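We count ligands from 1, going down the list as the structure has it; atoms in each ligand are counted the same way. Worth knowing before you read on, the calculation uses all heavy atoms, side chains too, and leaves out hydrogens, waters and symmetry mates. This is a predicted model, so every value here is computed, not measured.
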Amino acid sequence: MSVQKACSRCGKPAFYFKPYSGEYLCKKCFVKSIYELTLKAIRKHQMIKYHDRIGIAVSGGKDSISLLYIIAKFFKDNEIVAITLDEGIEGYRNEAIMIVEDMVAKLNIKNVVYKYKDMFGYTVDDVQPIRKETSSCTICGIFRRRGLDMVAKELGLDVLLTAHNLDDLLQSYLIMLFNGDINKMMTFSPAVEASEAFGITKAHPLMYVYEKEMSMFTYLKGFKMQTVTCPYMNQGIRSEVREYLNRMEEEHPGIKYQMLNSFIRLRNANGSASGGFCKNCGWPARGGVCQVCKTVEKLNMNKLKV
Ligand SMILES: [Zn+2]
Ligand SMILES: [Zn+2]
């Protein structure tokens, strides 16, 4: 990164170099480039239609706060709801809820908070002594996925946006590959996926934005975001995959985009995988009982044994 360089777009002093596009950018043009990448994803993959009622999953982290801001800025004609799920983790979620409340007030957006406890009978704190070998993140992820679908359905939304950036999506895909998680790989889509709640689509508008550039964007915009990390966070293999992908990108600028395109093509070739319905709750499931019911059942059994 050289400070003497001029912005490739406007000629003002540049502060950032995008190796994959060869562009030098000033602060203003950099911020604009993040808007462009987000809008490109939305248009190219038809994520949002005119009059769609939009739900945005908001955690209070840099990605979701930025997504909320960008969607509010460019989709003023759509109804937008920020959705926060409260996992019930003492001392963790409260800060985020305050940050989200602050942001939605500024943007004049509706905000809803739903609790895991009310939806599934357990908080993430509750499951710690009884989760046995299943990781906290696995259980939390299963609840989050269904929880967002439940909220979207209840509120009658058309589209649910989540703030996964390019790095998040690639990491998830590689982890599925390493774990041999074929079912998940077949239904995973970096752009738009069918939600388990019928008639609602799920989309990832930040799919083209590098994690590093997302951080830069948040910093330049001066957004407040969550500082407390989840006490149960178990990054496991994810941090290794993150480092590996970053090393690859450094050696081969643009390789992350190539990977993303491979996954999109694979997904298109595969079509949508379909399955049956859960005998228990009626939500979609591959093979009798859904992940949520299996998880809750296991927790109930473990609780009895304790
Ligand atoms: Zn510029
Ligand atoms: Zn079920």
Suppose the cut-off is 2.8 Å; how many protein N/O/S atoms fall inside it around the Zn ion (ligand 1)?
4
Out of I109, L107, I48, which residue meets the side chain to side chain contact (heavy atoms under 4.5 Å, CB included) rule with I71?
I48
Separation of K132 NZ from L299 CG (nearest 0.5 Å)
10.5 Å
Between F143 and F120, what is the ring plane arrangement, given parallel below 30°, perpendicular above 60°, and tilted in between?
parallel
Can you tell me, to 10 degrees, how wide the angle at the Zn ion (ligand 2) is between SG on C281 and SG on C290?
110°
Please confirm whether Y122 and Y116 have ring centers closer than 6.0 angstrom.
no
In this structure, are over 12 heavy atoms from other groups packed under 6.0 Å from K221 atom NZ?
yes
Starting from the C-alpha separation in whole Å, work towards a yes-or-no answer on salt bridge (charged side-chain N to carboxylate O under 4.0 Å, His left out) for K117 and D126.
CA-CA 9 Å; K117 183 85 175 178; D126 289 342; 2.8 Å; yes
